[in-house]
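Everything numeric in this text was worked out from a predicted model, so none of it was measured. Computed over heavy atoms, backbone and side chain alike; hydrogens, waters and symmetry mates excluded.
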Amino acid sequence: EVQLVESGGGLVQPGGSLRLSCAASGFTFDDYAIAWFRQVPGEAREGVSCVSSRDGTTVYGDSVKGRFTFSSDSARNTVYLQMNFLKPEDTATYYCAVDSTRLCSPWMEHWGKGTLVTVSS
């Protein structure tokens, strides 16, 4: 059974940093694409970052490029999202997602329950 559990969210001041974690189980990292998404209530889901296990490339949404960094530790079955220079616009619930097609897509097969990030002074 694929399970994804996000953690690390919380309240942070604008300009601050936060690192989110996604503990994964029930699948092999190399066989799945792994992504971070975020969503504000009432708004569309937005892609933050994704790694395709087919080509190993990492992509970032334009709004976070240069500020956020995706990383993973296959030995720990954990992926991370390092968020720097945070803005109030980054406030959202952040979700970890994976897909067995090994391709990044807005329609990933499996999702975690999310962790809330609030950027405010």
Could you give the side-chain donor-acceptor pairs of residues 113-121 under 3.5 Å, partners two or more places apart or in another chain?
{"unit_1": "T115", "atom_1": "OG1", "unit_2": "G9", "atom_2": "N", "d": "3.1"}

Expected list for residues 21-32: side-chain donor-acceptor pairs under 3.5 angstrom, two or more places apart:
none

Sequence neighbours left out, cut at 3.5 Å: what donor-acceptor pairs do the side chains of residues 94-109 make with other protein atoms?
{"unit_1": "Y94", "atom_1": "OH", "unit_2": "R38", "atom_2": "NH1", "d": "2.9"}
{"unit_1": "Y94", "atom_1": "OH", "unit_2": "D90", "atom_2": "O", "d": "2.7"}
{"unit_1": "D99", "atom_1": "OD1", "unit_2": "T101", "atom_2": "N", "d": "2.8"}
{"unit_1": "D99", "atom_1": "OD1", "unit_2": "T101", "atom_2": "OG1", "d": "2.7"}
{"unit_1": "D99", "atom_1": "OD2", "unit_2": "E109", "atom_2": "N", "d": "3.1"}
{"unit_1": "S100", "atom_1": "OG", "unit_2": "E109", "atom_2": "OE1", "d": "2.7"}
{"unit_1": "S100", "atom_1": "OG", "unit_2": "E109", "atom_2": "OE2", "d": "3.1"}
{"unit_1": "T101", "atom_1": "OG1", "unit_2": "L103", "atom_2": "N", "d": "3.3"}
{"unit_1": "R102", "atom_1": "NE", "unit_2": "S53", "atom_2": "OG", "d": "3.1"}
{"unit_1": "R102", "atom_1": "NH2", "unit_2": "S53", "atom_2": "O", "d": "3.1"}
{"unit_1": "S105", "atom_1": "OG", "unit_2": "W107", "atom_2": "N", "d": "3.0"}
{"unit_1": "E109", "atom_1": "OE1", "unit_2": "S100", "atom_2": "N", "d": "2.8"}

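Here W36 contributes atom CH2 and L81 contributes atom CG; the two are 6.0 Å apart, rounded to the nearest 0.5 Å.
For S17, the side-chain contact (heavy atoms from CB on, under 4.5 Å) partners at least two apart in sequence or on another chain are Q82, N84. With sequence neighbours excluded, no residue forms a salt bridge (charged side-chain N to carboxylate O under 4.0 Å, His left out) with R19.
Annotation for Y80: hydrophobic cluster partners, listed by chain and number, are none (ILVMFWY side-chain heavy atoms under 4.5 Å, direct or chained). Under a 4.5 Å side-chain heavy-atom criterion applied to ILVMFWY residues, the cluster that includes V5 comprises that residue alone. Residue L11 shares its hydrophobic cluster (ILVMFWY side chains chained together at separations under 4.5 Å) with no other residue. Under a 4.5 Å side-chain heavy-atom cut-off, the cluster of Ile, Leu, Val, Met, Phe, Trp and Tyr residues that includes V59 has no other member.
Contact between T78 and R76 at its shortest, heavy atoms only, is OG1-O, 2.9 Å.
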Checking side-chain contact (heavy atoms from CB on, under 4.5 Å) for the pair V51/T57: CA distance, chi angles, key distance, verdict? CA-CA 6 Å; V51 175; T57 59; over 6 Å; no

May I have the step-by-step check of side-chain contact (heavy atoms from CB on, under 4.5 Å) for Y60 and V48, ending in yes or no? CA-CA 6 Å; Y60 295 92; V48 175; 5.7 Å; no

Go through R67 and K87 one step at a time and tell me if the side-chain contact (heavy atoms from CB on, under 4.5 Å) criterion holds. CA-CA 10 Å; R67 299 188 298 119; K87 306 174 181 179; 3.9 Å; yes

For Q39 and T93, run side-chain contact (heavy atoms from CB on, under 4.5 Å): C-alpha distance rounded to whole Å, both residues' side-chain angles, the deciding distance at 0.1 Å, then the answer. CA-CA 5 Å; Q39 187 168 31; T93 298; 5.5 Å; no

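Annotation for E89: atom CD counts as buried by contact number, over 12 foreign heavy atoms lying within 6.0 Å.
Taking the six-membered ring for Trp, W111 and F37 have ring centres closer than 6.0 Å.
With a 4.5 Å cut-off on side-chain heavy atoms, T91 and V40 do not count as touching.
Pairs of residues two or more places apart, or lying in two chains, that qualify as salt bridge (charged side-chain N to carboxylate O under 4.0 Å, His left out) and include a residue from residues 56-66 are D62-K65.
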